[in-house]
Visitor: 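Okay, handing you the structure first.
Please read these numbers as outputs of a predicted model, since none were measured by experiment.
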Amino acid sequence: MPRIVPYLLVCATLGLGTAQSVGQPTDEQNVADAARLEALDRCRAGILDAGARPAERRRWAEQLFSYDSTEATALGVELLRLNDHPGVQQALCEVVVDLARKRPDRLEPAFVTPLVDLLGTQAEGLRSAAARALAGFPDSGVPEKLGALAARDDAPLIMRLAAVDALTPNTHRRE
């Protein structure tokens with residue numbers, strides 16, 4: 001009989017044996033989700049802060065990408081697409097470059113399209129950062145996509161050259 005008491009205590013502590021159905025979020029899960037969304041919102045505000053210096057923006061972007069969630073990925077994609085904020089895009093590209101070096105398993109395929117779009121920007125630094133970020137995606141069809149872009153006669157020359165720059169680190173053949 002003494003073994004039942006600890007088992008019941010553990011079940012009560014974990015919420016087992018209650019009327020709550022499996023799959024329904026607990027109050028703790030709701031609080032954790034709200035805290036995570038609030039943290040992502042702080043990251044967004046920090047990255048978009050007009051007075052933020054590049055290093056501050058980069059720290060906020062690093063924090064954003066430290067969250068391994070679909071919400072963080074969606075926010076990263078949204079921020080990469082902000083055409084009127086090249087400093088924001090630059091910070092995100094730099095963090096993706098670091099992510100490719102340190103945690104390539106965390107590279108999200110959702111980042112590829114906005115990064116490819118940035119290859120056509122007139123801002124040389126941003127274009128170069130996007131190319132370096134794309135160079136970190138050796139898989140997921142990125143080299144093929146970049147090769148096709150580089151070969152397109154109707155694409156702007158700066159975009160084609162940036163695609164070649166992105167391909168260079170992962171290409172071991174002359175063609």
Side-chain angles (χ1 to χ4, degrees), residues 32-152 154-172:
D33 288 345
R36 186 182 72 244
L37 292 176
E38 185 177 318
L40 291 176
D41 198 39
R42 279 193 309 272
C43 289
R44 184 181 201 286
I47 292 169
L48 291 174
D49 181 5
R53 295 186 176 148
E56 292 174 274
R57 241 187 213 122
R58 185 181 166 111
R59 279 193 298 276
W60 281 112
E62 287 170 349
Q63 173 128 11
L64 171 65
F65 288 137
S66 73
Y67 297 106
D68 189 13
S69 69
T70 56
E71 295 91 357
T73 299
L75 180 55
V77 169
E78 173 195 333
L79 293 172
L80 279 169
R81 289 190 170 138
L82 292 178
N83 293 335
D84 56 340
H85 288 81
V88 168
Q89 295 168 315
Q90 179 84 27
L92 293 167
C93 287
E94 290 171 2
V95 173
V96 171
V97 169
D98 285 346
L99 207 57
R101 265 189 250 125
K102 297 173 186 170
R103 297 282 316 270
D105 58 309
R106 297 282 311 279
L107 291 175
E108 292 289 338
F111 297 144
V112 173
T113 300
L115 288 170
V116 168
D117 293 343
L118 288 175
L119 295 179
T121 186
Q122 294 298 315
E124 184 179 343
L126 180 55
R127 190 172 54 247
S128 176
R132 286 191 318 273
L134 284 165
F137 287 85
D139 296 325
S140 305
V142 174
E144 292 81 13
K145 186 180 251 188
L146 291 170
L149 176 61
R152 276 187 36 211
D154 62 331
L157 183 59
I158 61 170
M159 195 172 203
R160 295 173 65 196
L161 291 174
V164 170
D165 287 344
L167 278 170
T168 303
N170 297 315
T171 303
H172 305 291

Visitor: Would you compute the distance between atom CG of Leu40 and atom CD of Glu38 and round it to the nearest 0.5 angstrom?
Guide: 10.5 Å
Visitor: Restricting to non-hydrogen atoms, name the atom on Val164 and the atom on Thr168 that form the minimum distance, rounded to 0.1 Å.
Guide: O-OG1, 2.7 Å
Visitor: Does this structure show an ion pair linking Asp41 with Arg44, if we count only N-O contacts that are shorter than 4.0 Å?
Guide: no
Visitor: Closest approach of Val88 and Arg57, non-hydrogen atoms and distance?
Guide: CG2-NE, 3.6 Å
Visitor: Should Val96 and Glu108 count as side-chain neighbours, where that means a heavy-atom distance under 4.5 Å?
Guide: no
Visitor: How close do Phe65 and Arg106 get, counting heavy atoms only, and between which atoms?
Guide: O-NH2, 2.7 Å
Visitor: For the pair Leu82 and Leu79, evaluate side-chain contact (heavy atoms from CB on, under 4.5 Å) and give the outcome as yes or no after the intermediate values.
Guide: CA-CA 5 Å; Leu82 292 178; Leu79 293 172; 3.6 Å; yes
Visitor: Provide the closest heavy-atom pair for Glu56 versus Gly51 in the form atom of the first, atom of the second, distance.
Guide: OE1-O, 4.3 Å
Visitor: What distance separates Met159 CE from Arg127 CZ, expressed to the nearest 0.5 Å?
Guide: 10.5 Å
Visitor: Between Asp117 and Arg81, does at least one N-O distance fall below 4.0 Å, as a salt bridge requires?
Guide: no
Visitor: Hey, what do you get for CD (Glu71) to CD (Glu78), rounding to the nearest 0.5 Å?
Guide: 13.0 Å
Visitor: Could you tell me whether the side chain of Ser128 reaches within less than 4.5 Å of the side chain of Asp165, counting heavy atoms only?
Guide: no
Visitor: So do Ile47 and Leu75 actually touch side chain to side chain, heavy atoms under 4.5 Å?
Guide: no
Visitor: Do you know which two heavy atoms are closest between Ala100 and Gly136, and how far apart they sit?
Guide: CB-CA, 3.5 Å
Visitor: For the atom pair CG (Leu37) and OG (Ser69), what is the distance rounded to the nearest 0.5 Å?
Guide: 8.0 Å
Visitor: Does Leu92 reach the side chain of Pro114, with side-chain heavy atoms less than 4.5 Å apart?
Guide: no
Visitor: Indicate the atoms forming the closest heavy-atom contact of Gln89 with Leu126, along with that distance.
Guide: OE1-CD2, 3.3 Å
Visitor: Can you tell if the side chain of Trp60 reaches within under 4.5 Å of the side chain of Leu48, non-hydrogen atoms only?
Guide: no
Visitor: Is the shortest heavy-atom distance from the side chain of Val112 to the side chain of Lys145 under 4.5 Å?
Guide: yes
Visitor: A side-chain contact here means heavy atoms from C-beta on lying under 4.5 Å apart; do Val142 and Pro109 qualify?
Guide: no
Visitor: State the CG-CG distance between Leu119 and Leu161, to the nearest 0.5 angstrom.
Guide: 10.5 Å
Visitor: For residues Phe137 and Leu115, determine if any side-chain heavy atom of one lies less than 4.5 Å from a side-chain heavy atom of the other.
Guide: yes
Visitor: Tell me if a side-chain donor or acceptor on Arg160 pairs with a main-chain N or O of Arg152 at a distance below 3.5 Å.
Guide: yes
Visitor: Once rounded to the nearest 0.5 Å, what's the spacing between atom CG of Leu167 and atom CD of Glu144?
Guide: 9.0 Å
